[in-house]
Amino acid sequence: MTLTRFAPSPTGLLHAGNLRTALMNWLLARRDGGGFLLRLDDTDAARSEARFADAIRADLRWLGLGWDREAAQSDRLDRYALAADRLRAAGRLYPAWDTPEELEFRRRVQRSRGLPPVYDRAALKLDEAGRAALGAEGRRPHWRFLLAPEAVEWVDGVLGPQRVDPASLSDPVLIREDGTVLYTLASVVDDAELGVTDVVRGADHVTNTAVQIQLFGALGAAAPRFAHHSLLTGPGGAGLSKRDGAASLAEMRAEGIEPQALVSLLARLGSSRDVALTTLAEEAAGFDLAAFGAAPVAFDPEQLRRLSAQAVRATDFAGAAPRLAALGIEGPKAAAFWEAVRPNLDRVSDAAGWWALIHDPQPADAGEDADFVAQAMALLPPRPWGPETWGAWTGAVKAATGRKGRALYMPLRRALTGRDHGPDMAALMPLLEKP
Ligand code: GLU
């Protein structure tokens with residue numbers, strides 16, 4: 001059975017790039033009727049915070065991306081220690097004492113000779129006496145995974161056939177001097193033990209994948225299928241900056257962005273399918289990793305805002321009611337009010353201003369139209385007002401004054417609502433409590 005996972009580090013808030021990863025994994029799992037795991041990669045105790053884990057859960061819930069199971073790497077440290085023991089026993093994990101300064105110096109020498117700055121395995125060349133001497137100095141080793149020389153190949157769900165030659169890679173550090181385990185190992189142990197079948201993540205992880213495929217093999221586990229989606233850029237093609245969309249999902253939510261717009265955009269951005277307002281169920285049914293391209297793709301906050309306004313306008317009263325109630329918009333008029341205002345809204349919260357307005361409309365100063373407006377007000381039909389009232393009234397005013405078009409409608413709209421623009425007056429007028 002398909003099991004995918006979303007594995008954020010709870011060291012910050014989620015942004016659009018993380019959401020792309022989460023969403024693709026979620027859609028893949030739902031398409032296959034499989035499971036979706038939320039895994040918190042929190043081995044970095046200094047930077048991981050419970051408030052970020054809470055924010056991640058809140059964002060996923062807001063987006064409708066429920067998960068079937070949750071795991072935290074900090075709960076699984078004993079599993080990683082056991083895996084490290086197995087790698088040591090197999091001769092695939094070796095201690096190294098090189099200091100950052102020594103490593104940096106050697107990299108500089110390699111670069112100056114035109115060689116790739118790959119770890120030279122100096123630690124493997126130490127004999128017993130050499131190691132004992134370092135131990136006597138009180139130095140503790142970090143631990144590196146011994147890469148096998150064979151090329152690593154896999155068929156990537158997005159990128160197609162991939163081949164990485166380990167000669168171009170340094171043996172990765174899996175355990176730090178202080179004994180803490182690094183993501184590269186923890187992730188493989190989790191994916192293997194929790195039964196993850198498919199890993200979709202950003203193209204910045206392609207090199208990790210080569211290493212991790214060797215790690216799965218060294219631990220006697222089958223590697224999952226991998227797919228690497230391209231990274232998001234800002235509208236100009238440069239990396240996502242704070243201004244153009246690296247904004248957190250929490251900020252987008254506070255700005256009034258509809259979750260449906262976000263998931264609709266990210267479900268198709270960078271794929272061969274045109275972006276449209278859609279639903280998670282529809283996207284899951286038609287989800288196809290192969291439809292996504294390898295090229296970086298621009299995330300445009302303006303496109304998101306347009307899609308979000310479209311989502312607001314497409315929300316029926318039943319869908320909007322809980323959020324309207326939270327804005328104090330409820331009672332017998334609420335449904336007709338929503339139908340009247342929603343075609344004009346970019347954000348649900350903007351309904352609050354119109355709700356206040358219908359309860360206490362303030363006529364705008366008529367200025368040079370004062371006589372015209374006075375004449376029109378004398379023709380105002382008696383209440384109750386209905387959907388035909390605006391047409392009947394403006395027809396009568398037109399007949400009496402000879403005005404038409406904007407010169408007729410604008411002063412009347414201003415006289416009733418105090419605004420130059422707004423919802424269709426035929427729908428709004430019956431809701432006005434004054435005059
Ligand atoms: N915690 C890792 C990250 O956020 C997970 C990468 C992966 O999906 O394996 O980059």
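Order of appearance sets the numbers: ligands from 1, and atoms from 1 within every ligand.
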* Looking at Thr279, Leu277, Leu304, which hits side-chain contact (heavy atoms from CB on, under 4.5 Å) with Ser264? -> Leu277
* **Ligand-side contact atoms (ligand 1) for residue partner Ser9, heavy atom cut-off under 4.0 Å** => 1 (N)
* Check each atom of ligand 1 against the heavy atoms of Arg201 and keep those under 4.0 Å away; list them by number with element. =>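 So the atoms of ligand 1 that pass are 7 (C), 8 (O), 9 (O).
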* Where is the tightest heavy-atom contact between Val297 and Ser230, given as atom of each residue plus distance? ->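 So the minimum-distance heavy-atom pair works out to CG1-OG, 3.5 Å.
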* Structure fact -> Tightest non-hydrogen contact, residues Leu27 and Ala284, listed as CD2-N, 3.6 Å
* Judged by non-hydrogen atoms, does Arg5 sit under 4.0 Å from ligand 1? ->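 It does; at least one heavy atom falls under 4.0 Å.
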* Who are the side chain to side chain contact (heavy atoms under 4.5 Å, CB included) partners of Arg253, not counting sequence neighbours? ->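 Checked Arg253 against side chain to side chain contact (heavy atoms under 4.5 Å, CB included); matches are Ala58, Asp59, Trp62.
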* Tell me, please, which residues at least two apart from Ala294 pass side chain to side chain contact (heavy atoms under 4.5 Å, CB included). => Leu159
* Give the ring-plane orientation class for Phe226 versus His228, where under 30° counts as parallel, over 60° as perpendicular and anything between as tilted. => parallel
* Counting heavy atoms only, which of Asp41, Asn25, Val196, Val188 is nearest atom 1 (N) of ligand 1? -> Asp41
* For atom 3 (C) of ligand 1, which candidate among Ser187, Ala7, Pro10, Pro8 holds the nearest heavy atom? -> Ala7
* Residue and atom name of the nearest protein heavy atom (relative to atom 10 (O) of ligand 1), distance in Å to one decimal -> His205 NE2, 2.9 Å
* Which residue owns the protein heavy atom closest to atom 6 (C) of ligand 1, what's the atom, and how far is it? -> Tyr183 OH, 3.2 Å
